[in-house]
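Ligands are counted one by one from 1 in listed order, and the atoms in each one are counted from 1 as well. Quantities reported herein were computed from a predicted structural model and do not represent experimental measurements.
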Amino acid sequence: MIVDYENIKFVQEGPVVTLTLSRPAALNALNSDTLIELGQAISSIGAEVHEGVRAVILTGEGKAFVAGADIAEMVGLTRTQAEYFSRRGQAVFAALEALPVPVIAAVNGFALGGGCELALACDFIYAGERAKFGQPEVNLGVIPGFGGTQRLTRLVGRAAASELIYSGRIIDAHEALRIGLVARVLPQDELLSAAMDTALEIAKKGPLAIAAAKILLMDGADIGLERACSMEATAFGATFATDDQTEGMLAFLQKRKPVFKGE
Ligand code: CO8
C-alpha cells in the first residue's frame with residue numbers, strides 16, 4: 001500500500017511500513033507542513049496496528065536523513081511561536097515513540113539538530129556508513145528543541161551528550177556506534193535491506209510481547225530499578241493471559257513455528 005503525502009513517502013509492504021522523509025531540496029528539513037504530515041502518518045500507523053502493521057522504518061531521501069528543523073521557517077519566529085513549534089514537534093515525536101510497534105531509524109545521511117532528535121525518538125538506529133549525527137543548534141544561537149537535550153542524554157550519558165550539544169560537533173557513523181547512539185553501522189547500500197530484515201524478524205514475534213517490552217524499556221528508564229522491575233513482573237504476568245503465550249510455548253514444545261495472532 002502506498003499513501004500520498006507531499007513531503008513523506010508512506011509505503012506498506014506486508015507487516016512493515018517505511019516512511020521516507022522526502023524534501024530533498026532542503027535536505028528533508030522539518031518545516032511545519034512536514035511535521036503535520038509526519039503526525040498524520042504516525043496516527044494512521046497507530047490506527048492500522050490491529051490490521052497487521054508490526055514495525056516501522058523511518059529513513060530519508062537523498063543525502064540526508066533530516067538536516068534539522070527548517071531554518072528558513074524558524075528565522076523570524078517570536079519567542080511564543082518558537083515555543084509552540086518546539087512543543088508541536090515534541091508532540092509528534094512523542095506520538096512516534098508511543099507507537100506500540102518498534103520504529104527503526106535507518107539513517108542514510110545527515111541527521112542533524114531536529115533530524116538527530118527524530119532518530120532518537122525511534123527505538124533504535126541503524127546508520128549507513130555515510131550517516132552524520134550532531135546537535136549543531138548552538139551554531140545558530142539556539143538549543144535542541146525537539147527533545148534532544150533529554151533523549152540524547154538518556155541514551156549516551158551526560159558526558160557524550162553535553163560534549164556534542166555544547167560543541168555542535170558532527171560525528172560519523174562509527175563514532176556514533178562507539179558512544180552507543182546507534183545499534184549498527186552498515187554499508188550504505190545494505191542499510192535499508194538490513195532494516196527491513198530486522199523489521200520482518202520482529203514481525204514474526206508475538207506483537208503483544210513486543211508492545212509490552214517497548215513500554216517497559218521506555219517507561220522503566222525514568223523510574224527507580226525496584227519499581228521498574230516490579231512493573232516488569234506485572235507485565236510478564238500479563239503475557240500469560242494472552243493466546244500468544246500459549247501458542248509460543250506450545251509451538252516450542254511441539255517443535256513447530258508459532259503463529260501469533262496478537263490476542
Ligand atoms: N533548514 C532549511 N534548509 C536547509 C537546512 C535546514 N535545516 N539544511 C539544509 N538546508 C538547505 C540549504 O539551505 C540548501 O538550500 P539551497 O540549495 O536553496 O541553498 C540545501 O538544503 C542544501 O544544503 P547545503 O547546500 O548546505 O548542502 P551541503 O551539503 O553543503 O551541507 C549540511 C549540508 C552540512 C547539512 C548543511 O546544509 C547544514 O549545515 N545544514 C543545517 C544543519 C543544522 O544546523 N541543523 C539544525 C537546525 S536547528 C534545529 O534542528 C532545531 C530543532 C529544534 C527546533 C525547535 C523549534 C523551535
Side-chain angles (χ1 to χ4, degrees), residues 5-9 19-40 42 58-97 103 105-122 125 127-156 160-176 179 181-182 188 191:
Y5 293 97
E6 201 170 321
N7 299 321
I8 296 176
K9 291 184 177 145
L19 292 180
T20 306
L21 276 299
S22 178
R23 216 185 143 226
L27 302 187
N28 307 329
L30 295 172
N31 61 2
S32 302
D33 288 349
T34 309
L35 269 181
I36 289 168
E37 288 188 358
L38 188 57
Q40 289 167 344
I42 292 164
L58 189 61
T59 191
E61 185 169 323
K63 70 175 179 182
F65 175 70
V66 168
D70 192 302
I71 299 169
E73 195 180 271
M74 283 188 298
V75 62
L77 295 183
T78 64
R79 177 183 182 151
T80 312
Q81 288 167 333
E83 180 178 333
Y84 175 70
F85 187 50
S86 169
R87 290 189 189 282
R88 203 157 43 136
Q90 287 182 3
V92 172
F93 289 16
L96 179 70
E97 199 170 50
V103 182
V107 174
N108 51 304
F110 294 110
L112 304 179
C116 190
E117 293 170 294
L118 180 59
L120 286 164
C122 299
I125 302 173
E129 273 181 326
R130 287 205 287 272
K132 303 264 187 247
F133 297 86
Q135 297 290 164
E137 287 90 346
V138 288
N139 294 328
L140 305 167
V142 299
I143 61 169
F146 290 156
T149 58
Q150 303 311 307
R151 288 196 182 90
L152 185 61
T153 311
R154 281 163 172 71
L155 187 61
V156 303
S162 54
E163 196 253 352
L164 285 176
I165 290 170
Y166 303 161
S167 68
R169 193 164 69 83
I170 307 296
I171 60 173
D172 66 16
H174 293 286
E175 185 168 355
I179 67 170
L181 173 55
V182 310
Q188 198 70 21
L191 173 66

Have a look at ligand 1 and work out which part of E83, if any, has a heavy atom under 4.0 Å from it: side chain, backbone, both or neither.
neither
Quick check on [atom] - does any protein heavy atom sit closer than 4.0 Å to it?
atom                    : answer
atom 25 (O) of ligand 1 : no
atom 28 (P) of ligand 1 : yes
atom 20 (C) of ligand 1 : yes
atom 35 (C) of ligand 1 : yes
atom 48 (S) of ligand 1 : yes
atom 1 (N) of ligand 1  : yes

Closest protein heavy atom to [atom], given as residue, atom name and distance to 0.1 Å:
atom                    : value
atom 22 (C) of ligand 1 : L27 CG, 3.8 Å
atom 53 (C) of ligand 1 : G145 N, 3.3 Å
atom 38 (C) of ligand 1 : L112 CD1, 4.7 Å
atom 56 (C) of ligand 1 : F85 CD2, 3.2 Å

Within less than 4.0 angstrom of ligand 1, does [X] place any heavy atom?
X    : value
K132 : no
G89  : no
K63  : yes
A25  : yes

For a salt bridge (Lys or Arg N to Asp or Glu O under 4.0 Å) check, start with the C-alpha distance between R79 and E83, then their side-chain angles and the critical distance, and finish with the verdict.
CA-CA 6 Å; R79 177 183 182 151; E83 180 178 333; 5.6 Å; no
Taking distance alone, with N or O pairs closer than 3.5 Å, would you say G114 contacts ligand 1?
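It does: an N or O of G114 is found under 3.5 Å from an N or O of ligand 1.
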Any side-chain to backbone donor/acceptor pair from [X] onto [Y]? Under 3.5 Å, distance only.
X    : Y    : value
N28  : A67  : no
T153 : A161 : no
Q135 : C116 : no
E117 : F146 : yes

Shortest reach to atom 45 (N) of ligand 1 by a heavy atom, considering only S86, A82, A67:
A67
Salt bridge R169-E175, side-chain N to carboxylate O under 4.0 Å:
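So R169 pairs with E175 through a salt bridge.
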Hey, mind stepping through D33 and R23 against salt bridge (Lys or Arg N to Asp or Glu O under 4.0 Å) and telling me if it holds?
CA-CA 11 Å; D33 288 349; R23 216 185 143 226; over 6 Å; no
